[in-house]
Asker: 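Below you will find the structure I want to go over with you.
First the proteins, then the strands, lettered A, B, ... as listed; each starts at 1.
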Protein chains: 2
Amino acid sequence: MTSSLHQRAIENLGTRIISGELPAGHVMLAEQLEDELKVSRSVIREAVRVLQSLGLVETTKRVGIRVLPPSRWNPFDSQVIRWRLASDARGAQLRSLAELRAAVEPAAAELAAQNAPAPLRLELVDVAYAMRDAGHNGEVPRFLELDIQFHSLLLSGSGNEMFANLMGQVAETLTGRTVHGLMPDHPHEGALQWHVDVAEAISRGDAAAAREGSERIMRRTMTRMADTWTEQPRVFIPVRR
Amino acid sequence: MTSSLHQRAIENLGTRIISGELPAGHVMLAEQLEDELKVSRSVIREAVRVLQSLGLVETTKRVGIRVLPPSRWNPFDSQVIRWRLASDARGAQLRSLAELRAAVEPAAAELAAQNAPAPLRLELVDVAYAMRDAGHNGEVPRFLELDIQFHSLLLSGSGNEMFANLMGQVAETLTGRTVHGLMPDHPHEGALQWHVDVAEAISRGDAAAAREGSERIMRRTMTRMADTWTEQPRVFIPVRR
DNA sequence: GAGTTTTGATGTCTGCACACATCGGCGTCA
DNA sequence: TGACGCCGATGTGTGCAGACATCAAAACTC
């Protein structure tokens with residue numbers, strides 16, 4: 001349990017802002033938050049400072065703490081992502097993550113084939129084969145675990161820390177699929193082999209094959225998920241000049 | 001100037017941590033920081049809370065404030081990116097951003113062709129032609145400005161808030177190229193036309209052409225920049241299990 | 001309407017009590 | 001004698017309460 005008071009205050013306010021309960025433009029006073037959350041001023045202030053750094057609120061003297069519109073939120077912060085996944089915008093968040101992942105993974109596969117350290121390549125191949133076996137045998141939980149590990153290793157092997165950081169979020173989209181009932185008991189036969197192909201391409205340093213294999217996996221993943229979020233409204237962030 | 005004491009404390013500690021002056025594992029005491037920065041506890045505490053949320057430090061009772069290794073830093077936070085760009089790792093940061101951009105922009109172009117609102121499509125075409133003119137006439141500052149606007153509009157038009165958020169960082173990589181002396185007085189003739197092609201493909205909703213055109217631009221950009229950072233060491237983030 | 005004063009919120013500082021992880025002394029047991 | 005574990009001492013962050021400083025919005029004056 002993250003039982004620190006300020007962490008709970010962040011959680012409370014963060015979820016309420018992102019859920020829309022506290023809409024953009026809504027102004028709060030520090031004193032009012034003290035009463036509401038039954039904590040002292042320092043706790044509120046520290047929480048507000050963190051929310052400020054996430055782009056969720058801004059503070060103005062003589063006005064108070066103002067909630068900022070979604071276009072100001074930092075969409076890459078893992079807390080923001082978590083809060084959005086718990087909100088009505090869950091579908092839109094999953095789509096954004098899936099699109100990002102589909103864009104990044106082929107590039108990461110290509111880089112991994114060029115740069116990944118040898119032990120990581122070996123592990124990647126092992127995991128791919130283990131994954132194929134688990135898929136054949138219908139061991140769904142083990143398959144999901146290996147799937148996450150496979151893609152984590154791939155992103156990590158790219159040697160790009162931004163790609164690698166997407167691991168955590170990718171895990172969310174993969175586990176999110178099971179929640180949406182999108183995981184069949186027996187994973188697609190072709191996809192299992194494609195993972196092995198990607199791992200071996202990376203292992204032997206074949207960048208083009210690694211990218212193509214990864215693109216194949218991503219294309220299939222996207223087409224399978226696409227129809228679940230067609231109804232999700234898209235948010236267009238205005239260009240700041 | 002953002003002259004708030006707490007902001008300055010964040011800036012001071014953030015730059016020193018990311019520059020390596022305060023190495024991973026280094027432990028500081030809140031009281032010691034008060035003396036050093038000549039500010040009160042509340043300022044230090046609020047600053048530390050923000051740095052904690054960025055993954056730069058962790059606090060432990062009876063120990064103090066411990067600096068975390070780079071693998072724990074949030075690589076998508078704009079402050080972290082800015083601090084890295086100002087450090088010795090500037091080259092590695094630019095490479096990471098360029099790789100991310102190269103992965104994302106073709107996907108964004110494809111999505112923009114499918115989803116962008118009509119006014120944005122028109123503006124994109126206008127900017128592309130203006131860019132071509134500025135390039136022909138050797139108006140370098142205006143060209144750079146239009147270039148940033150073009151790519152911002154493209155990312156924004158994708159309707160994916162994560163893609164759109166990369167705008168600010170992309171501007172950094174583009175202006176960073178000029179600093180590195182990578183911008184010729186007269187931009188590449190083909191690239192100018194490619195931008196127009198992408199804009200028109202998006203404008204008429206031709207997703208495949210938009211993606212291909214964007215890929216062409218990105219391939220050229222990457223090959224042109226690649227040799228500037230070959231000597232930059234890559235950082236492999238271990239997979240957390 | 002321009003300039004000035006008032007006002008009310010955040011910003012900053014300080015002293016105190018508390019929680020709790022670490023350390024070290026002590027005793028127990030093998 | 002040495003290893004181990006209990007347990008209190010200690011020092012740190014955490015949380016609280018109250019004060020004053022600062023500064024920009026709002027009200028006021030001319």
Asker: Report yes if a side-chain nitrogen or oxygen of A:Ser40 is closer than 4.0 Å to either non-bridging phosphate oxygen (OP1 or OP2) of D:dC16; otherwise report no.
Answerer: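 Answer is yes, contact under 4.0 Å.
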
Asker: Choose from C:dT14, C:dA21, D:dG13 the nucleotide whose nearest atom is closest to any side-chain atom of B:Ser42.
Answerer: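 When the side chain of B:Ser42 is considered, C:dT14 is the closest of C:dT14, C:dA21, D:dG13.
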
Asker: Let me know the distance between CD of A:Glu34 and C1' of D:dC16, rounded to the nearest Å.
Answerer: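 Whole-Å distance recorded here is 10 Å.
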
Asker: If only atom types and distance count, is the side chain of A:Arg49 paired as donor or acceptor with the main-chain N or O of B:Val50 below 3.5 Å?
Answerer: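 No: the side chain of A:Arg49 does not pair with the backbone of B:Val50.
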
Asker: Starting the side chain at C-beta, find the nucleotide from D:dC16, C:dC20, C:dA9 nearest to A:Leu29.
Answerer: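 For A:Leu29, the side-chain atoms sit closest to C:dA9.
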
Asker: Both A:Ile65 and B:Val39 contact DNA chain C. Which one's nearest nucleotide lies toward the 5' end?
Answerer: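 So the residue in question is A:Ile65.
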
Asker: May I ask you to evaluate whether B:Arg49 reaches the phosphate of D:dT14, defined as a side-chain N or O under 4.0 Å from OP1 or OP2?
Answerer: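 Result: yes.
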
Asker: Rounding to an integer number of Å, can you tell me how far B:Arg66 CZ sits from C:dA21 P?
Answerer: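 Rounded to the whole Å, the gap is 14 Å.
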
Asker: Is there side-chain contact between A:His26 and A:Glu21, with at least one heavy-atom pair below 4.5 Å?
Answerer: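 Sidechains of A:Glu21 and A:His26: no contact.
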
Asker: How about A:Leu111 and A:Gln114: do any of their side-chain heavy atoms sit closer than 4.5 Å?
Answerer: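 Result yes, sub-4.5 Å side-chain heavy-atom pair found.
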
Asker: A:Arg41 has a side chain; which of C:dC13, C:dA21, D:dA19 sits nearest to it?
Answerer: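 Output: D:dA19.
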
Asker: Quick check on DNA chain D: between B:Thr60 and A:Lys61, whose nearest nucleotide comes earlier from the 5' end?
Answerer: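 With B:Thr60 and A:Lys61 compared, the 5'-side residue is B:Thr60.
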
Asker: Of A:Val43 and B:Met28, whose closest DNA chain D nucleotide lies nearer the 5' terminus?
Answerer: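 Taking each residue's closest nucleotide, the earlier one in sequence belongs to B:Met28.
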
Asker: What's the CD-C1' distance between B:Gln52 and D:dT14, to the nearest Å?
Answerer: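 Roughly 11 Å, once rounded to whole Å.
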
Asker: Between C1' on D:dT12 and CD1 on B:Ile44, what's the gap in Å once rounded to a whole number?
Answerer: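 Answer to the nearest Å: 15 Å.
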
Asker: If the test is salt bridge (Lys or Arg N to Asp or Glu O under 4.0 Å), which one of B:Arg95, B:Arg84, B:Arg72 qualifies with A:Glu161?
Answerer: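 Result: among B:Arg95, B:Arg84, B:Arg72, B:Arg84 is the only option passing the salt bridge (Lys or Arg N to Asp or Glu O under 4.0 Å) with A:Glu161.
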
Asker: Please report the distance, rounded to the nearest Å, between CZ in B:Arg45 and C1' in D:dT12.
Answerer: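 In whole Å, D:dT12 C1' and B:Arg45 CZ are 12 Å from each other.
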
Asker: Could you check whether the rings of A:His151 and A:His195 sit parallel, tilted or perpendicular, using 30° and 60° as the cut-offs?
Answerer: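 Taking A:His195 first and then A:His151, their aromatic rings stand perpendicular (interplane angle over 60°).
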
Asker: With sugar-phosphate meaning primed atoms plus P, OP1 and OP2, does B:Val48 contact a base, only sugar-phosphate, or nothing at under 4.0 Å between heavy atoms?
Answerer: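 No contact at all - B:Val48 keeps every heavy atom at 4.0 Å or more from the nucleic acid.
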
Asker: CG of A:Leu5 versus P of D:dG15: gap in Å, rounded?
Answerer: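 Atom CG in A:Leu5 sits about 5 Å away from atom P in D:dG15.
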
Asker: Whole angstroms only, please: what is the CD-P distance between B:Glu46 and D:dT14?
Answerer: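 Computing the B:Glu46:CD to D:dT14:P distance gives 13 Å.
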
Asker: Report the nucleotide, chosen from C:dA19, C:dT12, D:dA26, that has the shortest atom-to-atom distance to any side-chain atom of A:Arg62.
Answerer: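 Side chain of A:Arg62 sits closest to D:dA26.
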
Asker: Within the 4.0 Å heavy-atom criterion, would you say B:Thr59 contacts the bases, only the backbone, or no part of the nucleic acid?
Answerer: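 Counting heavy atoms under 4.0 Å across all strands, the contact made by B:Thr59 is with sugar-phosphate only.
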
Asker: Can you measure B:Leu33 atom CG to C:dC13 atom P for me and round it to whole angstrom units?
Answerer: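 After rounding, the reported distance stands at 14 Å.
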
